[in-house]
Novice: 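Dropping the structure in here first, questions after.
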Amino acid sequence: MEDARAERGNFIWDFVQEDIDAGRTQQVHTRLPPEPNGWLHIGHAKNIYVNAGTAVRFGGLCNLRFDDTNPAKEEQEFVDGIMGDIRWLGYDWNGGLFFGSSYFDKCYELAEKLIRDGLAYVCDLSQEDLRRTRGTLTQPGQNSPYRDRSVEENLDLFRRMRAGEFPNGARVLRAKIDMASPNINMRDPALYRILHMPHHQTGDKWCIYPMYDFAHPIQDAIEGITHSMCSLEYEDHRPLYNWVVEVCEFPNHPRQIEYARLNLTRTIMSKRYLRRLVEEGRVSGWDDPRMPTLAGMRRRGYRPEGIRDFIERAGVAKADSVVDLALLEHCIRENLGEVAPRAMAVLRPLKVTITNWPEGKTDALPLENHPARPEMGTHEARFGRTLYIEQEDFMENPPGKFFRMKPGGEVRLKGAYIVRCDECVKDANGNVIEVRCTADLSSRSGSEGADRKVKGTLHWVNAADAAPFEARLYEPLLNDEEAIAEEVEGEEAVPDKKDFIARLNPDSLTVLTGCMAEPWLTEAKDGDVFQFLRLGYFCKDKDGFVFNRTVELKDSFKKAVK
RNA sequence: UGGGGUGUAGCCAAGCGGUAAGGCCCGGGACUUUGACUCCCGUAUUCGCAGGUUCGAGCCCUGCCACCCCAGCCA
C-alpha cells in the first residue's frame, strides 16, 4: 500500500519517462535552485520533492545550486539554513553542491561569444526608456537605437562595463531577439546589468551580474541537468531558456518543465512577506513556530515524514490550486500518531481527592508508551490520594452524553482505577476547586475487576509527582484575507493581494501552564514529540515546550457539551 | 482588444475514445482504558458552457466563458 502510493506518478514523471524511453535521457539529473534570500518554507518543500524527488524516483542525481546572481538580496545565513532544511526534510544533493556565482566567468565568456555572434548588444537606454520602448501586452516594442552597434563597439563597451567604468544602471547587455515578439520576454531581454555591490561568494570581483534568464539555462546546461523543474510563472521564459541553450551551443539541452507552486489556505507563502514579518519583529525569527517555514514547523514538532507525505498527497499538477490546511494537519497528525510516545499531562489542573486512598500511599502503574507499538515499552505513572485532572473534564451539571466526570458518575482514570465522583468543593465565588471521589479498588488496570466498562476515561497526574511546566500554544500564522483587507494601505478599490499586510492571528500565542506526570518528559531532547492524550502534541523546544492542538474533537461532542 | 497556461465533488487530484480512481473535509455506524486513534459505509447520472464527430466523448473537433501569469537592469 505504501508502495502503491509511492508509485503514484505525476505528469512530470510521465515526461521524464518519455525522455528515457525515447533515448533522449540516459541518466536523470535534476537540480534544486534556491535563492539564498530567506529560509525555506513549506512551498519549497514541494520544489524539493519535485526536483530531488524526481532524481530519487529515477535513480538519478540532483544538484544543489544556490541561485545567487543578485547580491542585493542574498546572504550567507540563508545558504546555511537552506542546506540544513533540505537535509532535515530527508533529501540530499548527490549530484554536488554548486553556486550560480561560480559560473560567472563562464557566463561572461558566453556573453562575449553572443556579442561576437551578433546576438547581444550593449544598450545605453535608461531604465525608463527601456520600459517605454518595450511595447505593451498588445503593442510591439521598438528597436533600441543601440541595437545595431558593431561587434567591436559592443565588445569594448561590455568589457568596460565589467571593468567598472560605468555606474549602476548606465548600460545593460541585451539579447538581440525580436522586439515584436508577442512574448515580452523575447523582446531583447537584459542579460547583464551593472551592480557595484560585493557578492557573498565572489566578493568584489564583479560589478556586472548576469540575469536569471541568462544564467539559469547556462548553469543547467553546464551541470548536465536533464530536467529543470520550476513553477508556472516561468512558462513564458521557456522560449528564452531554450534560446540561450541553443545560441551558447551547449551539447546538453535541459528540458524545463513547469508545475503549479504550492498554496495553502490561510497561509502566507511569500518570502517577501515572511521576510518582512521577521524584519519588523512581528515574529521571533524565521523559525518562529507560527511561520510556515520548515524551521518553524520543525519547532512545532512536525516531522519531515509528515511533511513529505503531505506534499505527495497534495499532488503535482499544472492547475492553480490552494490546498486545504486540513490536509497538512491530517498528514502531520497521522505521522505523529504513529511515532509519538503517549504521555499524560494536565493543562488546566483541577484537584481530585480520592477519599478512600490513604495519605502517603502511592501505586506505581505501568502505562504503554504507544498502544499500537508494544516495542516502545512502558513508563510508570504514580497514583496517589491527590491528583489533578483537566478542568474541562468535570462538569457539575452536564448535558446528556457527557461521558466524563460528573457528580454521581463513574469514570476510569487512564491506566489506574475507576472512580466515582461523590461531591465537589467550591470557593467563595462558586468555582469548583476540588472534586472528591471514591476509587473502586478492585478495578485497577490489568486486574480481575478491570474489565468493567465505564463510558469515560480521563488523563490525570499525581499531585505529589507533578512537575509544573509552561508550554506555548501557537496557532499557525494565518492570513485572514478579510481581516487583512482592512489593513491595506491606501484606498485602492481592488487592492492587489500582494499589498496585503501579513498579520498574525491575535490569539496565535498562548502560554499554557500545567502539570506533567512524567519527569522523563522534562529530560527530553529538543525536537522530541509527545502526544498528550486527547489534547494534542508537545514538542520539546529550545525555549521549553511548544504545544500543537492538532487533535480535534468530533462535532457531536462539542454539541453535546456546548 | 497580444502571448502563455489552467478549468473533473467543499479542497486537492487520477483519467491518454469504452461508460467518473484515490486522499482531505463532511455525514452515518462499529470499536475504544479518553469522545482521540483504528475500522467499515456513504457522498459527481457527471467532468467550465454550447454545439459537432463517433456505436460510444471528461478525453477528438468548433465556438464561447472564467481564472492565473507576462510589460524588473528580481528570481
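Throughout, protein chains are lettered first and strands after them, A, B, ... in sequence-line order, and every chain is numbered starting at 1.
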Novice: Can you check the distance between B:A20 and B:G56, where both ends of the measurement are the C1' atom (answer in whole Å)?
Specialist: 15 Å

Novice: Please give, in whole Å, the distance from B:G35 P to A:His459 NE2?
Specialist: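 For the pair A:His459 NE2 and B:G35 P, the rounded distance is 13 Å.
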
Novice: Searching all strands shown, indicate the nucleotide that pairs with B:C74 (Watson-Crick or G-U wobble; both distances under 3.5 Å).
Specialist: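 Matched B:C74 with nothing under the 3.5 Å cut-off.
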
Novice: Quick one, which residues of residues 136-146 of chain A touch RNA chain B with a heavy atom under 4.0 Å?
Specialist: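 Heavy-atom cutoff 4.0 Å gives A:Thr136, A:Leu137, A:Thr138.
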
Novice: If you assign each of A:Val454 and A:Val322 to its closest nucleotide in RNA chain B, which residue comes earlier from the 5' end?
Specialist: A:Val322

Novice: Restricting to ring pair (Phe, Tyr, Trp, His ring centres under 6.0 Å), what partner residues turn up for A:His370, sequence neighbours left out?
Specialist: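 Counting only residues at least two positions away or on another chain, A:His370 forms no ring pair (Phe, Tyr, Trp, His ring centres under 6.0 Å).
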
Novice: Is the phosphate of B:C24 approached by A:His330 (side-chain N or O, under 4.0 Å from OP1 or OP2)?
Specialist: yes

Novice: Using atom P of each nucleotide, how far apart are B:G3 and B:C55 to the nearest Å?
Specialist: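 So the two P atoms sit 36 Å from each other.
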
Novice: Could you go through nucleotides 73-75 of chain B and list every protein N or O atom that sits under 3.5 Å from one of its N or O atoms, giving the distance for each pair?
Specialist:
| unit_1 | atom_1 | unit_2 | atom_2 | d |
| --- | --- | --- | --- | --- |
| B:C73 | OP1 | A:Arg134 | NH2 | 3.2 |
| B:C73 | OP2 | A:Arg134 | NH1 | 3.2 |
| B:C73 | N3 | A:Gly169 | O | 3.1 |
| B:C73 | N4 | A:Leu125 | O | 3.0 |
| B:C73 | N4 | A:Gln127 | N | 3.4 |
| B:C73 | N4 | A:Gly169 | O | 2.8 |
| B:C74 | OP2 | A:Arg193 | NE | 3.1 |
| B:C74 | OP2 | A:Arg193 | NH2 | 3.2 |
| B:C74 | O3' | A:Arg193 | NH2 | 3.1 |
| B:C74 | O2' | A:Asn70 | ND2 | 3.0 |
| B:C74 | O2' | A:Lys73 | NZ | 3.0 |
| B:A75 | OP1 | A:Thr69 | OG1 | 2.8 |
| B:A75 | OP1 | A:Arg193 | NH1 | 3.3 |
| B:A75 | OP1 | A:Arg193 | NH2 | 2.8 |
| B:A75 | OP2 | A:Tyr212 | N | 3.0 |
| B:A75 | O3' | A:Asp67 | OD1 | 3.4 |
| B:A75 | O3' | A:Asp67 | OD2 | 2.9 |
| B:A75 | N6 | A:His237 | NE2 | 3.3 |
| B:A75 | N3 | A:Tyr234 | OH | 2.6 |

Novice: Show, in sequence, the C-alpha distance, side-chain angles and deciding distance for A:Phe532 and A:Phe538, and conclude whether the ring-ring contact (aromatic ring centres under 6.0 Å, His included) test is met.
Specialist: CA-CA 7 Å; A:Phe532 278 9; A:Phe538 268 70; 4.2 Å; yes

Novice: Does a distance-only test, which skips hydrogens and angles, find a donor-acceptor pair under 3.5 Å between the side chain of A:Asn183 and the base of B:G4?
Specialist: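 Counting by modelled atom types and ignoring angles, no donor-acceptor contact under 3.5 Å is found here.
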
Novice: Assign the ring pair A:His44 / A:His41 to parallel, tilted or perpendicular, where the plane angle (0 to 90°) is split at 30° and 60°.
Specialist: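 Judged by the thresholds at 30° and 60°, the geometry between A:His44 and A:His41 is tilted.
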
Novice: Pick the closest RNA chain B nucleotide for A:Glu368 and for A:Asp236 by heavy atoms, then say which residue is nearer the 5' end.
Specialist: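 The answer here is A:Asp236.
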
Novice: Please tell me if the side chains of A:Met186 and A:Pro239 come closer than 4.5 Å, counting only heavy atoms from C-beta onward.
Specialist: yes

Novice: For B:A13, which nucleotide is its Watson-Crick or G-U wobble mate, given both distances must be under 3.5 Å?
Specialist: none

Novice: With sequence neighbours excluded, what pairs up with A:Tyr108 under the ring pair (Phe, Tyr, Trp, His ring centres under 6.0 Å) test?
Specialist: A:Phe158, A:Trp206

Novice: Taking atom C1' in both B:U62 and B:U54, compute the distance separating them and give it to the nearest angstrom.
Specialist: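 Each nucleotide's C1' atom is 16 Å from the other's.
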
Novice: Salt bridge check, A:Glu235 against A:Lys318: does any charged N sit closer than 4.0 Å to a carboxylate O?
Specialist: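 Salt bridge present between A:Lys318 and A:Glu235.
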
Novice: Rounding to an integer number of angstrom, what distance separates B:G2 and B:U8 when you compare their C1' atoms?
Specialist: 30 Å

Novice: Please measure how far the P atom in B:G18 lies from the corresponding atom in B:C60, and state the result in whole Å.
Specialist: 12 Å

Novice: Using the test ring pair (Phe, Tyr, Trp, His ring centres under 6.0 Å), find all partners of A:Phe66 that sit at least two apart in sequence or belong to another chain.
Specialist: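 Counting only residues at least two positions away or on another chain, A:Phe66 forms a ring pair (Phe, Tyr, Trp, His ring centres under 6.0 Å) with A:Phe99.
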
Novice: Should A:Asp363 and A:Arg382 count as an ion pair when the cut-off is N to O under 4.0 Å?
Specialist: no

Novice: Identify the nucleotide, in any strand shown, that forms a Watson-Crick or G-U wobble pair with B:A66, with both distances under 3.5 Å; if there is none, say none.
Specialist: B:U6

Novice: Mind checking side-chain hydrogen bond (donor to acceptor under 3.5 Å, both in side chains) for A:Asp213 and listing every partner two or more places apart, or none if nothing turns up?
Specialist: A:His237

Novice: Decide salt bridge (Lys or Arg N to Asp or Glu O under 4.0 Å) for A:Arg534 and A:Asp393; before the verdict, give the C-alpha distance in whole Å, the side-chain angles of both, and the deciding distance to 0.1 Å.
Specialist: CA-CA 11 Å; A:Arg534 202 189 65 225; A:Asp393 283 344; 2.8 Å; yes

Novice: Tell me the partner of B:G58, counting only Watson-Crick (N1-N3 plus N6-O4 or O6-N4) or G-U wobble (N1-O2 and O6-N3) with both under 3.5 Å; none if nothing fits.
Specialist: none

Novice: Restricting both atoms to N or O, compile the protein contacts to nucleotides 6-8 of chain B shorter than 3.5 Å, with distance only.
Specialist:
none

Novice: Quick one: does A:Lys46's side chain have a donor or acceptor within less than 3.5 Å of a partner on A:Ala260's backbone?
Specialist: yes

Novice: If we ignore angles and hydrogens, is there a donor and acceptor under 3.5 Å between the side chains of A:Glu75 and A:His200?
Specialist: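 No, because no side-chain N or O of A:Glu75 sits under 3.5 Å from a partner of the opposite role on A:His200.
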
Novice: Between A:Tyr241 and A:Pro254, is there a side-chain heavy-atom distance shorter than 4.5 Å?
Specialist: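 Sidechains of A:Tyr241 and A:Pro254: in contact.
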
Novice: Please give the nucleotide sitting opposite B:U38 as a Watson-Crick or G-U wobble pair, both distances under 3.5 Å, or none.
Specialist: B:A30

Novice: Using OP1 and OP2 only, check whether a side-chain N or O of A:Arg313 sits under 4.0 Å from B:C11.
Specialist: no

Novice: Is B:G72 in the syn range, within 90° of 0, or in the anti range?
Specialist: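 Here the answer is syn: the torsion falls within 90° of 0.
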
Novice: Side chain of A:Phe403 only, please: which of B:G35, B:A14, B:C25 is the nearest?
Specialist: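 The nucleotide sitting nearest to the side chain is B:G35.
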
Novice: Give me the residues of residues 439-450 of chain A where at least one heavy atom lies under 4.0 Å from an atom of RNA chain B, by number, or none.
Specialist: A:Ser445, A:Gly446, A:Ala450

Novice: If the condition is side-chain hydrogen bond (donor to acceptor under 3.5 Å, both in side chains), which residues does A:Trp39 pass it with, not counting sequence neighbours?
Specialist: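 Partners of A:Trp39 by the side-chain hydrogen bond (donor to acceptor under 3.5 Å, both in side chains) criterion, ordered by chain and then number, come out as A:Glu77.
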
Novice: Looking at residues at least two apart in the chain, or sitting in another chain, which of them share a side-chain hydrogen bond (donor to acceptor under 3.5 Å, both in side chains) with A:Asn335?
Specialist: none

Novice: Mind checking the C1' distance from B:U32 to B:A36? Whole angstroms is fine.
Specialist: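 My reading of the C1' atoms in B:U32 and B:A36 gives 9 Å.
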
Novice: With a 4.0 Å cut-off, would you call A:Glu338 and A:Arg373 a salt bridge?
Specialist: no

Novice: Are A:Asp220 and A:Arg65 within salt-bridge range, i.e. N to O under 4.0 Å?
Specialist: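 A salt bridge is present here (some side-chain N lies under 4.0 Å from a carboxylate O).
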
Novice: For A:Gly415, answer base if it contacts any base atom (sugar-phosphate contacts may also be present), sugar-phosphate if it contacts only those atoms, and nothing otherwise; contact means non-hydrogen atoms under 4.0 Å.
Specialist: base

Novice: With A:Trp357, which residues qualify under ring pair (Phe, Tyr, Trp, His ring centres under 6.0 Å), at least two apart?
Specialist: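 Ring pair (Phe, Tyr, Trp, His ring centres under 6.0 Å) list for A:Trp357, sorted by chain: A:Phe383, A:Tyr417.
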
Novice: Which value, in whole Å, describes the distance between the P atoms of nucleotides B:G48 and B:G10?
Specialist: 13 Å

Novice: Within less than 4.0 Å of OP1 or OP2 of B:U34, is there a side-chain N or O belonging to A:Lys455?
Specialist: no

Novice: Determine the interatomic distance between P on B:C65 and the same-named atom on B:G58; round to the nearest Å.
Specialist: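 Here B:C65 and B:G58 have their P atoms 24 Å from each other.
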
Novice: Can you sort out which residues in residues 255-264 of chain A have a heavy atom within less than 4.0 Å of RNA chain B? Ascending by number, please.
Specialist: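 Residues of residues 255-264 of chain A that come under 4.0 Å of RNA chain B do not exist, since none gets that close.
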
